[in-house]
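Have a look at the structure below, then the notes.
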Amino acid sequence: MKNIPDKTGHFGEFGGRYVPETLMSLLEDLEKIFKSLKSDKAFQKEFNYYLKEYAGRPTNLYLAERLSAHLKTLKVYLKREDLLHTGAHKINNTLGQVLVAKRMGKTRIIAETGAGQHGVATATAAALMGLECVVYMGAEDVERQSLNVYRMRLLGTEVIPVTSGSQTLKDAMNEAIRDWVTNVRNTFYIIGSVAGPHPYPVMVREFQAMIGQEARRQFLAKEKHLPNYLLACVGGGSNAMGLFHAFFEDKNVKMIGVEAAGTGLNTEHHAAPLSKAPIGVLHGSKSRLMQTKDGQIQIAHSIAAGLDYPGVGPEHAYYQKIGRAEYVAVTDKEAIKGLKLLSEKEGIIPAMETSHAIAYLEKLARRVKRKSSVIVCLSGRGDKDMGQIKDFI
Ligand SMILES: *Cc1c(COP(=O)(O)O)cnc(C)c1O
């Protein structure tokens, strides 16, 4: 893992910094501050304080016995990020970034959100720190995800509907970057996954890396050896990278990221850039990116709103390229089966996103030659999805 990312923020050919000139010096400042945080005891202490006392870390590593018995060939442990405050792993990252914003003397937070989950996690952290917060959201998403809009407003955040273009995530992203360029002096842009221009992918990874660090320690304490597999769903890739990173040097631990195949990889309605997309630039960095024939960004589709992202973090594209991790895809229908499976076997209702990883367990169980162990990142709980799910049960 030495020199990854390199000085220019590249993971091999992926990553980098594709932003307007005005943002370059800001990103350089952010990079300097971020680098200094590793040895900044006061920052680490404050971050760990909020993770523990506010968010509820460390999360449990739970042996799913009935699920394991059902799968026969797999012993499954669940890393319970769903038990965190606000119900998913996203709070780890937004707590980290608001503290960085405070360090930099910024008084205003902006973010963009598609499904609203990152918007809610950002609004939560901003309220906690007493910072002004503005979230950009495509007008269509504001309609579709009204509950999250109410949550953000209740938390004191201003939600601005974006009516340009397709009125979805990518348009909200453009608006947020425009705001950032204009208000860069007092404003901090919180990005929600291991995406964006350098240093965001590595910064978000570090703010999620405790998932894997805790899981590695907890698994070793219980089993006295390392797991055979790690499994996590991949939208932008932050919960997966959070789990994977601590195991990078453990060459015998296989990593599998599960993307959303939507209605099928051979249709246009999926969100699986690692399974099926060329290289492109989105959100200030180079990675795999879903594009139309004439090079426009393809709208992603998944039953899981949080996986509905046409790009993916550059470090995942790199892990795939060097063969360190494998990426597979699960359809909407299969994900619903995963949702039911975990609910019925363990009394845990996972988020629709997480259900993709659960669904893949059935396939993995058939693939393995002898009894194997696996840690699944249970990235979030399913309460938020009940309105949508009721038609399938
Ligand atoms: C947002 C979200 C995801 C996808 O984001 P990543 O950056 O890929 O982790 C997965 N699970 C849940 C519960 C989410 O809210």
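Order of appearance sets the numbers: ligands from 1, and atoms from 1 within every ligand.
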Parallel, tilted or perpendicular: ring planes of Trp180 versus Tyr200, cut at 30 and 60 degrees: perpendicular
Ser193, any N or O under 3.5 Å of ligand 1 N or O: yes
Nearest neighbour in protein (non-hydrogen) for atom 12 (C) of ligand 1: Ser379 OG, 3.5 Å
Closest protein heavy atom (residue, atom, distance) for atom 6 (P) of ligand 1: Ser238 N, 3.3 Å
Per atom 4 (C) of ligand 1, closest listed option by heavy atom (Ser355, Ala195, Gly306): Gly306
Cluster overlap Ile211 with Tyr77, hydrophobic side-chain contacts below 4.5 Å: yes
Within the 6.0 Å centroid threshold, strictly below: His225 and Phe219: yes
Phe247 six-ring face occupied by Lys251 cation (under 6.0 Å, within 45°): no
Atoms of ligand 1, numbered as shown, that sit under 4.0 Å from any heavy atom of Gly380: 13 (C)
Contact with ligand 1 for His89, non-hydrogen, under 4.0 angstrom: yes
Which segment of Ala351 sits under 4.0 Å of ligand 1 when only heavy atoms are counted: side chain
Any Gly237 heavy atom less than 4.0 Å from ligand 1: yes
Check: Ser379/Glu353 side-chain N/O donor and acceptor closer than 3.5 Å: no
Student check: side-chain heavy atoms of His198 and Glu31 closer than 4.5 Å: yes
Parallel, tilted or perpendicular: rings of Tyr319 and His316 (30°, 60°): perpendicular
N or O pair under 3.5 Å between Gly236 and ligand 1: yes
Top protein contact for atom 1 (C) of ligand 1, by heavy-atom distance: Lys90 NZ, 1.4 Å
N or O pair under 3.5 Å between Gly235 and ligand 1: yes
Contact check: Asn239 vs ligand 1, nitrogen or oxygen atoms, below 3.5 angstrom: yes
Side-chain donor-acceptor contact under 3.5 Å, Thr59 with Arg80: no
